[in-house]
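For reference, the structure discussed in these notes is given below.
Side chains included, hydrogens not; waters and symmetry mates left out as well; all remaining heavy atoms used. First the proteins, then the strands, lettered A, B, ... as listed; each starts at 1. Since the structure is predicted, the reported quantities are computational estimates derived from the model, not experimental observations.
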2 protein chains.
Amino acid sequence: MSFKHDLFSQFARVGKALSNGNRLEILEYLAQTERSVDDLAKVSGLSVANTSQHLQQLRQVGLVTSSKIGLKVYYRIAGDDVVNLLKLLREVSERHLADVNQLVNTYLTVKDELEPVAREVLLERVKQGLVTVIDVRPSEEYLAGHLPGAINIPPDELEQRLKDIDSQQEVVAYCRGPHCVYSFNAVQQLRNAGIQASRLEGGFPEWKSAGLPVELTV
Amino acid sequence: MSFKHDLFSQFARVGKALSNGNRLEILEYLAQTERSVDDLAKVSGLSVANTSQHLQQLRQVGLVTSSKIGLKVYYRIAGDDVVNLLKLLREVSERHLADVNQLVNTYLTVKDELEPVAREVLLERVKQGLVTVIDVRPSEEYLAGHLPGAINIPPDELEQRLKDIDSQQEVVAYCRGPHCVYSFNAVQQLRNAGIQASRLEGGFPEWKSAGLPVELTV
DNA sequence: CTAGTATTCAATAGATTAATTGAATACTAG
DNA sequence: CTAGTATTCAATTAATCTATTGAATACTAG
């Protein structure tokens with residue numbers, strides 16, 4: 001039965017693409033917004049050549065696509081199903097790998113204190129004007145798409161912009177995903193400043209792939 | 001930022017477990033029912049030692065669990081989330097890898113001719129007694145759990161048992177999953193015999209992980 | 001047409017992986 | 001206690017993977 005064998009080998013190619021931490025990190029960046037090779041090399045801290053090779057592996061199994069615009073080659077995630085696959089990979093890892101739990105509990109201390117806000121719940125509260133939503137990602141990622149009405153405060157600017165935030169209203173922060181530290185740190189800082197703050201469940205890619213409305217800065 | 005790096009490395013461990021075709025095949029068998037090591041070695045065609053090593057890799061990342069009963073060590077899938085991860089891995093592969101499409105279209109010829117029956121639709125029709133459901137898996141797997149009211153006809157027995165099937169009623173066949181050839185072949189054989197036949201969407205593991213009712217032979 | 005930039009290619013070294021083989025371990029049945 | 005069975009361990013080989021380096025390619029701006 002060669003068909004069965006060949007088929008599983010093909011599925012394994014996709015698994016192999018997900019078998020390297022650097023590639024997973026690149027995929028998370030691409031889940032926020034499309035990026036050029038050297039842009040990705042910069043944010044990931046890898047060499048350009050190395051980044052390029054990882055991107056080609058991802059492209060070969062169809063997880064990302066690319067196109068040349070001007071001088072640069074831009075890569076983007078191939079579809080929402082890829083975002084969902086990454087989400088599920090993280091969830092399975094968190095559920096079944098003790099090491100992940102340990103890491104998460106060590107670094108993301110807010111985690112235990114409060115359940116994150118569900119997406120639909122937040123959407124409802126935003127419509128009613130009951131909550132301030134803060135996007136704690138670098139501004140490039142914010143500009144490429146964000147939650148409706150969210151204001152952008154990159155991690156290193158939060159300190160000085162704390163006073164601009166209406167301390168009477170509840171604040172919900174989000175960033176790249178369920179394990180991105182930015183929003184955890186932001187919630188901590190906000191609470192220290194006496195503001196009622198919590199985190200959104202997941203991050204921007206999960207929001208978008210759930211089919212919820214997204215705002216673009218024009 | 002070592003946390004980020006460590007975390008992605010952990011996720012990559014799970015990806016690595018999914019990066020080998022033989023392991024994916026083993027996981028598909030375990031998604032049907034728990035099995036002992038040499039049982040798995042037999043159905044997969046691998047050596048016992050090799051099978052054991054693959055199983056240990058799967059266990060190390062928590063995708064399967066094991067327990068010793070009598071002389072044998074039985075392995076089973078760790079949870080429904082793992083079944084869903086495999087499902088999504090297949091779907092992403094099929095959607096983005098041209099080679100998978102080519103394989104599927106070459107070997108699973110019924111595929112194009114008719115859309116599979118949705119799970120909820122089938123459940124409704126079964127309740128109304130409108131359809132005969134055939135489980136085209138080896139009897140061990142059938143015995144460990146099957147669709148309510150389904151009768152078991154292993155692939156190599158279908159030929160001689162064709163005459164036992166009520167040719168007036170519609171037949172729906174299923175087996176291990178969306179790419180398992182048994183149900184495709186069965187539909188073909190049934191149609192050649194003048195019986196109205198179609199396939200269930202997905203297979204038994206997908207049915208079960210969707211939370212639909214499962215029947216156990218006592 | 002030329003200089004400069006962005007990306008990819010090619011070659012390499014060190015590490016990891018899959019499969020094979022044979023031995024070691026753990027356990028059960030008699 | 002012993003023989004037999006099921007599984008795991010250990011060592012090996014061939015193949016594959018990651019990251020680095022430096023060169024090659026493709027393209028744009030001037």
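Straight-line distance from the NZ atom of Lys72(B) to the P atom of dT5(D): 12 Å, rounded to whole Å. Regarding Tyr75(A), its OH atom lies at a distance of 11 Å from the C1' atom of dA6(C), rounded to whole Å. Between the CG atom of Asn50(B) and the P atom of dT12(D) there is a distance of 18 Å, rounded to whole Å. Between the P atom of dT7(D) and the CG atom of Asp38(B) lies a distance of 5 Å, rounded to the nearest Å. One can place CZ of Arg23(B) at 9 Å from P of dT17(C), the figure rounded to the nearest angstrom. The distance between atom CD1 of Ile69(A) and atom C1' of dT7(C), rounded to the nearest whole Å, is 15 Å. A straight line from NZ of Lys16(B) to P of dA18(C) spans 9 Å, rounded to a whole angstrom. Remark: P of dA10(C) and CD of Gln56(A) are 10 Å apart, rounded to the nearest angstrom.
Within 4.0 Å of Gln53(A), counting heavy atoms only, lies at least one base atom of the nucleic acid. Note on Ser36(A): only backbone sugar-phosphate atoms sit closer than 4.0 angstrom, heavy atoms only; bases stay farther off. Using a 4.0 Å heavy-atom distance criterion, Tyr74(A) is classed as making no nucleic acid contact.
The side chain of Gln57(A) approaches dT18(D) more closely than any other nucleotide in the set dT18(D), dT8(C), dT20(D).
Of the inter-residue distances, the one linking Leu7(A) atom CG with Glu25(B) atom CD reads 10.5 Å to the nearest 0.5 angstrom. To the nearest 0.5 Å, atoms OG (Ser209(A)) and CG (Asp81(A)) are separated by 9.5 Å. Taking OG from Ser66(B) and CD from Glu34(B), the interatomic distance works out to 10.5 Å, rounded to the nearest 0.5 Å. Taken to the nearest 0.5 Å, the CG atom of Asn152(A) stands 8.5 Å off from the NE2 atom of His146(A).
With Glu206(A) as reference, Arg90(A) is the one residue of Arg90(A), Lys87(A), Arg176(A) to meet the side-chain hydrogen bond (donor to acceptor under 3.5 Å, both in side chains) rule.
Between His54(B) and dT17(C) there is no side-chain polar atom (N or O) within less than 4.0 angstrom of OP1 or OP2. OP1 or OP2 of dA18(C) sits under 4.0 Å from a side-chain N or O of Asn20(B). Within the structure, a side-chain polar atom (N or O) of Ser52(A) is placed less than 4.0 Å from OP1 or OP2 of dT8(C).
As the counterpart of dG22(D), dC9(C) is assigned, both hydrogen-bonding distances of the Watson-Crick or G-U wobble pattern falling under 3.5 Å. In this entry dT2(D) has dA29(C) as its Watson-Crick or G-U wobble partner, both defining distances falling under 3.5 Å. Taking a pair to require two hydrogen-bonding distances under 3.5 Å in either a Watson-Crick or a G-U wobble arrangement, dG14(C) pairs with dC17(D). Nucleotide dA19(C) forms a pair with dT12(D), judged by Watson-Crick or G-U wobble geometry with both contacts under 3.5 Å.
A cation-pi arrangement is absent between Arg35(A) and Tyr74(A), since the terminal nitrogen or guanidinium carbon is not both under 6.0 Å from the aromatic centre and inside a 45° cone about the axis. Under the 6.0 Å distance and 45° angle rule, Arg59(B) does not count as a cation-pi partner of Tyr75(B).
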Expected rows: protein N/O vs nucleotides 22-30 of chain D N/O, under 3.5 Å:
none

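Using a 4.5 Å heavy-atom threshold, the side chains of Leu88(A) and Glu91(A) count as touching.
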